[in-house]
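What you see is a predicted model; the values in this text were computed from it and never measured. Starting from 1, each residue takes its place in the sequence as its number.
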Amino acid sequence: MKITFLGTGTSQGIPIIGSDHPVCLSNDPKDKRLRVSVLVEWDAFTYVVDCGPDFRYQMLRAGVKRIDGIVFTHEHSDHVLGLDDIRPFYFRQGNIPLYAHKRVLKSIKRRFDYFFAKENRYPGAPEVITHRIKNKPFKLKNLEVVPIKGKHFSLQVFGFKFNDFAYLTDMKTVSDKEIEKIKNVKVLVINALRIKPHQSHFNLEEALEFIEKVNPETAYLTHISHLLGFHKEVEESLPKRVFLAYDGLKITV
Ligand SMILES: [Zn+2]
Ligand SMILES: [Zn+2]
């Protein structure tokens, strides 16, 4: 299985528009982060997790020619706003499958109501097939995907385990029962927003505690804000098996 980190930044991305913060002004390409998303590829299949406002550029940058579907963690704008840009895929492939919790699907139907219009459909509007995810394993082609439920302040969000790869973002609390599903996974991705605590995201310390509990072979941090610091400095401070993800990073699991 091949994983490509399409974006590793928090909701505003890095740099933040108009910011003079040193991390926002950094020339290190690893300090430039689009909104979070990963490409997951196995056999002949390609899925994207989340579809934020940078989706179009992420697809161009990674050279993605077709997708088999999009899986959503939750409905915040930094995870769904790029959906209109599925049009090139729709024009070539037809209906695009979307997988999400029923509340997330409801939000997508409200925000992109023209996808679902039955009358007076605008000819360029894409069509999608929605698949509801509950907190139990579901199939993407020949692969069983296991959802991991967590809380993002008071909002329920899903992470996903694809074989030996677990991808969780926008988590603030995850129960021990849910952690059991990903214990000793080979590769774990988890959000780490910044150094100081935050009401709806793990900070660095909480992310490292979470990694201890899960005990993966390797862990990558994502959904990073400028307040975490410079990529190079933060990575040097991390425990041995923990790395900062960066945009364009590819791993094989
Ligand atoms: Zn987010
Ligand atoms: Zn969020």
Side-chain angles (χ1 to χ4, degrees), residues 1-8 36-52 67-76 79-80 97-105 130-152 155-193 201-202 206-224 239 241-245 249-253:
M1 183 173 281
K2 254 174 49 192
I3 310 297
T4 307
F5 288 84
L6 300 168
T8 57
V36 279
S37 178
V38 281
L39 194 69
V40 184
E41 298 171 276
W42 72 94
D43 297 342
F45 312 123
T46 303
Y47 286 84
V48 189
V49 182
D50 289 332
C51 186
I67 57 172
D68 292 288
I70 304 174
V71 186
F72 291 90
T73 59
H74 66 302
E75 68 272 43
H76 280 162
H79 300 256
V80 302
L98 308 182
Y99 299 81
H101 183 275
K102 71 171 180 194
R103 188 200 68 239
V104 178
L105 292 175
T130 58
H131 298 271
R132 181 175 163 189
I133 302 175
K134 295 181 182 174
N135 192 14
K136 57 180 191 194
F138 62 99
K139 286 278 244 193
L140 293 179
K141 306 288 185 190
N142 58 357
L143 185 77
E144 190 180 79
V145 181
V146 181
I148 297 98
K149 189 176 77 172
K151 280 279 175 72
H152 180 32
L155 190 74
Q156 171 277 344
V157 296
F158 276 141
F160 302 101
K161 181 174 172 284
F162 306 81
N163 279 344
D164 243 347
F165 172 69
Y167 180 81
L168 284 73
T169 186
D170 294 59
M171 295 290 180
K172 177 66 179 178
T173 42
V174 185
S175 70
D176 289 343
K177 192 177 149 210
E178 294 296 305
I179 289 175
E180 271 310 309
K181 296 177 179 174
I182 51 171
K183 269 244 162 95
N184 307 318
V185 71
K186 202 163 173 191
V187 177
L188 169 71
V189 178
I190 184 69
N191 56 294
L193 186 72
H201 289 270
F202 281 159
E206 289 164 327
L208 294 176
E209 280 167 17
F210 183 77
I211 291 165
E212 283 295 308
K213 283 190 202 166
V214 175
N215 191 38
E217 252 173 53
T218 314
Y220 292 88
L221 305 177
T222 194
H223 211 292
I224 291 163
R241 62 178 163 179
V242 184
F243 302 91
L244 280 194
L249 170 65
K250 285 178 199 274
I251 56 174
T252 305
V253 185

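A pairwise comparison of heavy atoms in Val71 and Phe138 identifies CG1-CZ, 4.3 Å as the closest pair. Ala219 approaches Ile211 most closely through the heavy-atom pair CB-CD1, 3.7 Å. Here the closest non-hydrogen pair linking Ala100 and Phe72 is CB-CB, 3.9 Å. Of all non-hydrogen atoms in Arg132 and Leu105, the two that sit nearest each other are CA-CD1, 3.8 Å. Of all the heavy atoms in His223 and His201, the pair that sits closest is CE1-CE1, 3.3 Å. Between Leu155 and His76, the shortest heavy-atom distance links the atoms CD2-NE2, 3.8 Å.
Between Tyr47 and Trp42, the two ring planes are parallel [angle under 30°; tilted spans 30° to 60°]. The aromatic rings of Phe160 and Phe158 sit tilted relative to each other, their planes meeting at an angle between 30° and 60°. His79 and His74 have tilted rings, their planes meeting at an angle from 30° to 60° on a 0 to 90° scale.
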If you look only at distance, which donor and acceptor atoms sit under 3.5 Å apart when one is on a side chain in residues 178-185 and the other is two or more places apart or in another chain?
from   : atom 1 : to     : atom 2 : distance (Å)
Glu178 : OE1    : Lys149 : N      : 2.7
Glu178 : OE1    : Lys181 : NZ     : 2.8
Glu178 : OE2    : Asn135 : ND2    : 3.2
Glu178 : OE2    : Lys181 : NZ     : 3.4
Glu180 : OE2    : Lys183 : NZ     : 3.2
Lys181 : NZ     : Asn135 : OD1    : 2.8
Lys181 : NZ     : Pro147 : O      : 2.9
Asn184 : OD1    : Asn215 : ND2    : 3.0

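For the pair Phe162 and Ile3, the minimum side-chain heavy-atom distance is 4.5 Å or more.
Residues passing the ring pair (Phe, Tyr, Trp, His ring centres under 6.0 Å) test with Phe5 are Tyr220, sequence neighbours excluded.
A salt bridge is absent between Glu144 and Lys136; no separation between the charged side-chain nitrogens and carboxylate oxygens falls under 4.0 Å.
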